[in-house]
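This report concerns only the one structure given below.
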Amino acid sequence: MPQFDKSLVWFRRDLRHTDHAALYYALSQSQSVWCVFVFDTDILDALKAEGVEQDRRVDFLLASVAELDEALRKAGGGLIVLHGAAARCIPELAAELAVQAVFVNTDYEPAAVERDAAVDKALKKHGAQLLSYKDQVIFEKDEVLTQSAKPFSVFTPYKNAWMAKLAAAGGDFYLKPYPVENYFKALAKPPGKAHHGLPSHKALGFHPSNLQALKIPTGMSGAQALLEDFLGRIGAYGTARDFPAVKGPSYLSIHLRFGTVSIRTLARAAMQAMHAGQGAAGAAVWLSELTWRDFYFMILHHHPRVTAKAFKPEYDAIKWEHGKHAEELFAAWCEGRTGYPLVDAAMAQINQTGYMHNRLRMVVASFLTKDLGIDWRWGEKYFAIHLNDFDLSANNGGWQWASSSGCDAQPYFRIFNPVTQSEKFDPDGKFIRRYLPQLAKLSDKRIHAPWTATPDERMSAGVTLGTNYPRPIVDHAEARERTLERYAVVKKTEKTE
Ligand SMILES: Cc1cc2nc3c(=O)[nH]c(=O)nc-3n(C[C@H](O)[C@H](O)[C@H](O)COP(=O)(O)OP(=O)(O)OC[C@H]3O[C@@H](n4cnc5c(N)ncnc54)[C@H](O)[C@@H]3O)c2cc1C
């Protein structure tokens with residue numbers, strides 16, 4: 001006998017109707033289950049307050065929610081779609097429908113944890129409860145600990161323990177899909193028209209973005225198409241993933257962000273490719289990247305202070321550049337006007353598409369913190385606003401890695417040289433030419449550092465420094481020295497670690 005007469009599943013960053021923990025538990029434990037998604041004004045208004053008028057994530061959500069609704073309807077239910085503050089809307093809807101439980105997949109971000117606690121409290125006033133399940137990650141919270149039962153702060157031993165836990169359970173136990181479809185008969189149709197239908201862009205307060213023009217695939221079908229495409233080239237991932245001009249990575253990050261595909265599906269696909277022999281090496285590297293994702297969720301759960309502070313507290317003593325000059329340098333970085341082509345092309349990529357290749361995220365983050373001496377939190381915030389796949393845990397982890405303040409971060413004295421990174425990872429300048437057409441005619445040798453070209457070379461390539469392309473805003477060698485001085489406050493600790 002089901003435990004509950006009526007339940008509600010609140011979809012958040014899990015926009016799929018298959019292999020979904022909360023939906024599975026709700027359907028298998030309830031007589032009747034409604035499904036809801038809220039366009040949360042607490043989140044959308046914060047974006048608007050930053051001056052954002054178009055956001056590809058809003059378009060991605062609209063398309064993916066529409067696909068989910070259609071899939072749920074075909075399965076016998078449908079999606080209630082609301083627009084308001086979720087912390088208020090959910091308890092109100094739960095009371096209106098007289099449900100006994102609201103099922104969700106656990107969200108680990110501090111603001112979401114707070115919101116969910118408030119929702120739970122409000123539900124309890126009506127005799128209902130919030131039931132939360134692990135779904136976003138393979139292992140959460142305290143599931144993978146050191147031998148002394150402490151959270152890991154170094155990735156490789158974490159990954160080894162993560163892999164050992166999978167293997168100890170027979171390899172596929174934690175990767176099995178939830179058989180949601182066996183319980184679809186418990187799905188209830190949305191009650192009346194008032195709660196159905198998607199809000200328009202206008203109602204949400206945003207203009208349509210260029211998501212469609214970019215052909216970024218949305219929804220469960222988009223995730224499936226990207227996965228199939230990637231599995232055909234997963235074997236090459238280990239080497240191809242470092243070259244931004246090459247189709248090396250999966251481009252699935254936005255889908256992991258919004259849960260249009262389950263992490264179990266992806267980890268299973270990686271494991272299968274690893275065991276299939278062909279493509280095994282690339283698949284193992286990719287699985288390791290998915291493990292980094294779990295790692296940063298775990299770090300955020302155990303150390304929520306990282307959202308504002310350095311993971312290694314001594315790094316908070318660093319004096320970053322400030323004032324008007326710092327703001328000008330930051331604006332040049334944001335707008336891709338640093339005079340370093342790889343950095344500027346990378347910033348053009350994020351500004352035009354909302355995506356940035358992983359190698360370039362590392363390069364531009366290093367450039368901002370270690371060439372310009374700007375606080376990593378400025379860059380972190382810029383990424384949070386502009387990345388389609390923005391995820392607090394991975395973004396914070398990435399920025400703290402690049403600025404050396406994070407757990408298992410790059411040592412402070414390792415400072416990427418933006419020119420040699422360019423020569424190594426975009427050797428023929430293909431990526432730079434795609435985003436900086438004004439440099440396209442420079443030779444493969446000069447395109448990484450246009451100021452090193454002779455005046456004749458620049459003239460015949462149509463490049464005029466200071467006119468159609470900036471001169472470098474800092475000298476890398478000098479900046480490197482300044483950074484080593486800036487980081488001297490943490491030097492002692494690093495050496496003794
Ligand atoms: C400064 C900085 C900021 C970043 N911000 C984000 C962010 O906001 N959201 C985000 O998803 N990733 C972030 N990353 C990690 C990484 O750059 C992206 O996950 C990756 O580029 C997404 O492209 P993909 O899906 O094609 O990746 P693939 O190479 O195909 O990797 C597959 C998946 O593994 C996960 N993954 C890969 N690398 C990492 C990593 N280093 N840390 C955590 N997870 C990883 C992602 O979920 C990714 O989708 C950041 C990295 C840096 C250096």
Side-chain angles (χ1 to χ4, degrees), residues 13 56-57 108-109 136-138 155 158-159 162 216-217 222-223 226-227 229-231 233-234 236-244 246-263 265-267 269-270 273 282-300 306-307 333 343 346-347 349-350 353-370 374 376-410 416 421 425:
R13 39 173 306 167
R56 296 176 194 91
R57 292 168 293 191
Y108 307 93
E109 295 189 3
Q136 240 186 87
V137 291
I138 303 295
F155 177 69
Y158 170 82
K159 186 180 99 173
W162 190 98
I216 293 179
L226 283 176
L227 178 59
D229 179 59
F230 178 64
L231 290 178
R233 53 191 169 81
I234 194 169
Y237 177 76
T239 43
R241 73 187 181 123
D242 257 328
F243 298 89
V246 174
K247 194 178 170 191
S250 67
Y251 307 104
L252 276 160
S253 49
I254 187 171
H255 291 276
L256 276 165
R257 171 65 186 84
F258 292 108
T260 43
V261 64
S262 91
I263 182 65
T265 300
L266 301 189
V285 179
W286 197 60
L287 184 64
S288 178
E289 295 307 316
L290 296 179
T291 316
W292 268 106
R293 180 177 173 274
D294 264 24
F295 178 69
Y296 283 138
F297 272 117
M298 179 277 295
I299 293 289
L300 182 62
V306 295
T307 55
W333 178 86
V343 173
M347 296 310 292
Q349 185 180 37
I350 191 175
T353 72
Y355 180 80
M356 192 193 286
H357 188 276
N358 179 57
R359 166 63 45 188
L360 302 178
R361 296 187 202 205
M362 296 192 286
V363 169
V364 303
S366 173
F367 189 82
L368 185 73
T369 53
K370 293 185 177 167
I374 305 278
W376 57 270
R377 281 159 279 234
W378 294 23
E380 184 197 20
K381 183 172 174 194
Y382 191 82
F383 269 29
I385 293 171
H386 291 86
L387 277 179
N388 302 336
D389 62 27
F390 163 60
D391 216 320
L392 179 54
S393 53
N395 194 42
N396 181 270
W399 276 96
Q400 295 228 34
W401 180 87
S403 72
S404 303
S405 61
C407 55
D408 206 3
Q410 128 138 317
F416 280 161
Q421 286 285 310
F425 296 112

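Just follow the structure's listing: the first ligand is 1, and inside any ligand the first atom is 1.
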Tyr296 heavy atoms within 4.0 Å reach ligand 1 at atoms 42 (N), 43 (C)

In this structure, atom 16 (C) of ligand 1 is nearest to the protein heavy atom Asn358 OD1, 3.3 Å

| message | If you take the centroid of each ring, where Trp contributes its six-membered ring, are Trp292 and Tyr296 closer together than 6.0 Å? | response | yes

heavy-atom search around atom 38 (N) of ligand 1 in the protein gives Glu289 OE1, 3.0 Å

Numbered in order shown, the ligand 1 atoms found under 4.0 Å of a heavy atom of Gly398 are 1 (C), 2 (C), 52 (C), 53 (C)

Looking only at distance, does Asp389 have an N or O less than 3.5 Å from an N or O of ligand 1? yes

Quick look: Leu387 vs ligand 1, heavy-atom contacts under 4.0 Å, and the answer is side chain

* Answer yes if the side chains of Gln400 and Ser405 hold a donor-acceptor pair under 3.5 Å, and no otherwise. => yes

Closest heavy-atom pair, Val285 versus Gly238, reported as atoms and distance to 0.1 Å, is CG2-CA, 4.1 Å

Closest to atom 33 (C) of ligand 1 among protein heavy atoms sits Leu290 CD2, 3.7 Å

Among non-hydrogen protein atoms, atom 26 (O) of ligand 1 lies closest to Tyr251 N, 2.7 Å

Here the atoms of ligand 1 under 4.0 Å from any heavy atom belonging to Trp286 are 28 (P), 30 (O), 31 (O), 32 (C)

Nearest non-hydrogen protein atom to atom 8 (O) of ligand 1, with distance, is Asp391 N, 3.0 Å

For Ile299 and Cys407 the tightest heavy-atom approach is CD1-SG, 3.7 Å

Atom 19 (O) of ligand 1 sits nearest the protein heavy atom Ser253 CB, 4.4 Å

Applying ring-ring contact (aromatic ring centres under 6.0 Å, His included) to His255 and not counting sequence neighbours gives Phe60

Under 3.5 Å between any N/O of Phe383 and any N/O of ligand 1: does that happen in this structure? no

Checking Tyr158, Trp401, Trp162 against Phe295 for ring pair (Phe, Tyr, Trp, His ring centres under 6.0 Å), the one that qualifies is Tyr158

Sorted by chain and residue number, the side chain to side chain donor-acceptor pair (under 3.5 Å) partners of Gln421 (sequence neighbours excluded) come out as Arg359

Tightest non-hydrogen contact, residues Phe297 and Val137, listed as CD1-CG1, 3.4 Å

Among Trp399, Trp376, Trp292, Trp401, closest by heavy atom to atom 40 (C) of ligand 1 is Trp292

| request: Over 60° means perpendicular and under 30° means parallel, so classify the ring planes of Phe230 and Trp286, tilted if in between. | output: tilted

Any atom of ligand 1 sitting under 4.0 Å from a heavy atom of Tyr355?
yes

Nearest heavy-atom approach of Leu256 to Arg13 is O-NH2, 3.7 Å

Looking only at protein heavy atoms, what sits closest to atom 29 (O) of ligand 1 is Tyr237 OH, 2.5 Å

of all protein heavy atoms, closest to atom 14 (N) of ligand 1 is Arg361 NH1, 3.6 Å

Counting from 1 in the order shown, the ligand 1 atoms closer than 4.0 Å to a non-hydrogen atom of Met362 are 53 (C)

Minimal heavy-atom distance between Val364 and Val343, with the atoms involved, is CG1-O, 4.0 Å

So for Leu256 against ligand 1, with non-hydrogen atoms under 4.0 Å, the contacting part is side chain

Check: side chain to side chain contact (heavy atoms under 4.5 Å, CB included) between Phe416 and Gln410: does it pass, once the steps are laid out?
Finding: CA-CA 10 Å; Phe416 280 161; Gln410 128 138 317; 4.1 Å; yes

Under 4.0 Å from one or more heavy atoms of Arg293, ligand 1 contributes atoms 43 (C), 44 (N), 47 (O)

